[in-house]
Peer 1: 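The structure is given below, and queries will be raised subsequently.
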2 protein chains.
Amino acid sequence: MSTTSESPQRNTRQRRAVAAIMADLEGFASAQQIHDILKQRGESVGLSTVYRNLQALADADLLDALRNDDGETLYRRCSSGHHHHLVCRVCGRTVEVEGPTVERWADAVAEDHGFRDVEHTLEIFGTCGDCAS
Amino acid sequence: MSTTSESPQRNTRQRRAVAAIMADLEGFASAQQIHDILKQRGESVGLSTVYRNLQALADADLLDALRNDDGETLYRRCSSGHHHHLVCRVCGRTVEVEGPTVERWADAVAEDHGFRDVEHTLEIFGTCGDCAS
DNA sequence: GACGGATTTGACAATCGTTCCCGGCAGTAG
DNA sequence: CTACTGCCGGGAACGATTGTCAAATCCGTC
């Protein structure tokens, strides 16, 4: 335990490849999609390795992870601060949104009920203008 | 479609058993936990049947379903209107909360970005007063 | 530049929750 | 009561993810 800053991480081709994909990607993607993209680019990386590196990146708060209704875990590059997502259920386009009001409301509600160390998850789904037509 | 009152559903022992469990249960439970409880009570019901009935109840809005971080689907008896949950991450105690402000905010944000047919999910997690001590 | 120890990789098997399949059973209408 | 139709159950199938372990790779050091 002690220091959390420990990062005996090595700088491997595979780790770079995964990070590079995520840097490019606009929307959410599953581990398997990322594995496919890597294969297409010729940067073949083992599936296990993709999973491992995505988890590592998510643990390091460099990626956001969420589960879709099918039970798949989706990953996406994310700005660091606290925010939420507005996701098009058709094309997957994602908009980051902030809502200080909501944050305060959530904290207030939780405290009213005597809860501590409050966190929350909020996702908004809809059909974006382009897809609605 | 037409009338939603259609119920070509049969009134089986198994269906009653599952519904009865859910009526008793206070917190969230997974399909497999419910299957186990049924077995303990001697009301043995096939696992497939438990899954089917839970889904049916959730489709009928008699239960709320959500996925935990392990990818399991958890079910819980729920009041019918739209609301959210405040869940203790230690003991699982759940409080239903409403937030008209949040609903409006989510809809407004989505519309600002041209999204239609907006839905959202919101869960608040914390440690309840009892568990904090 | 080569060496050595530790970390990482990758192919495959294993796991876990959930769904599918299908023969047999049981509500329900007539 | 009889027939009809949906439901049940259990085991196989499935898909995402994780575990395993020898071989490859990285990196500080000589």
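Side chains are part of it too, since the values below use all heavy atoms of this structure and drop only hydrogens, waters and symmetry mates. Since the structure is predicted, the reported quantities are computational estimates derived from the model, not experimental observations. Reminder, nothing fancy here: chain letters follow the sequence lines and each chain counts from 1.
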Peer 1: In whole angstroms, how far is the C1' atom of dG17(C) from the CD atom of E72(A)?
Peer 2: 14 Å

Peer 1: Nearest-Å distance, CG (D69(B)) to C1' (dG17(C))?
Peer 2: 15 Å

Peer 1: Taking the nucleotide of DNA chain C with the closest heavy atom to each, which residue, S44(A) or Y51(B), is nearer the 5' end?
Peer 2: S44(A)

Peer 1: Please confirm whether H35(A) and Y51(A) have ring centers closer than 6.0 angstrom.
Peer 2: no

Peer 1: Determine the minimum heavy-atom distance between A65(B) and T73(B), stating which atoms define it.
Peer 2: CB-CG2, 4.1 Å

Peer 1: Where the side chain of Q55(B) meets the backbone of R52(B), is there a donor-acceptor pair that is under 3.5 Å apart?
Peer 2: no

Peer 1: H84(B) pairs by side chain to side chain donor-acceptor pair (under 3.5 Å) with which of E103(B), E96(B), E98(B)?
Peer 2: E103(B)

Peer 1: Taking only heavy atoms on the protein side, list every residue of residues 19-41 of chain A lying under 4.0 Å from any atom of DNA chain C, sorted numerically.
Peer 2: none

Peer 1: Rounded to the nearest 0.5 Å, how far apart are CZ of R13(B) and CD of E43(B)?
Peer 2: 6.0 Å

Peer 1: Check for me, please, whether V109(A) and V87(B) land in the same ILVMFWY cluster - side-chain distances under 4.5 Å, paths through other members count.
Peer 2: no

Peer 1: Between N53(B) (CG) and dG6(D) (P), how many Å, whole number?
Peer 2: 16 Å

Peer 1: Over all strands shown, is N68(A) touching base, sugar-phosphate only, or nothing at heavy-atom distances under 4.0 angstrom?
Peer 2: nothing

Peer 1: Would you mind classifying the nucleic acid contact of N11(A) as base, sugar-phosphate or nothing, using non-hydrogen atoms under 4.0 angstrom?
Peer 2: sugar-phosphate

Peer 1: Which residues pass the salt bridge (charged side-chain N to carboxylate O under 4.0 Å, His left out) test with R77(B), sequence neighbours left out?
Peer 2: E26(B)

Peer 1: So for atom CZ, which belongs to R67(B), do other residues, nucleotides or ligands contribute more than 12 heavy atoms lying within a distance under 6.0 Å?
Peer 2: yes

Peer 1: Taking atom C1' of dG17(C) as reference, at what distance in whole Å does atom CG of D70(B) sit?
Peer 2: 11 Å

Peer 1: Take the protein atom CG of L54(A) and the nucleotide atom C1' of dA16(D), then report the distance between them rounded to whole Å.
Peer 2: 13 Å

Peer 1: Produce the list of close N/O pairs, under 3.5 Å, pairing protein atoms with atoms of nucleotides 20-25 of chain D; give distances to one decimal.
Peer 2:
residue: dT25(D); atom: O2; partner: R10(A); partner atom: NH1; Å: 3.4

Peer 1: When you look at CG of D69(B), are more than 12 heavy atoms from neighbouring residues, nucleotides or ligands closer to it than 6.0 Å?
Peer 2: no

Peer 1: Nearest whole angstrom, please: distance from the P of dT17(D) to the CD of Q55(A).
Peer 2: 9 Å

Peer 1: For the pair made of CZ in R15(A) and C1' in dC27(D), what is the distance, rounded to whole Å?
Peer 2: 13 Å

Peer 1: Can you check the L74(A) CG to dA16(D) P distance for me, whole Å?
Peer 2: 11 Å

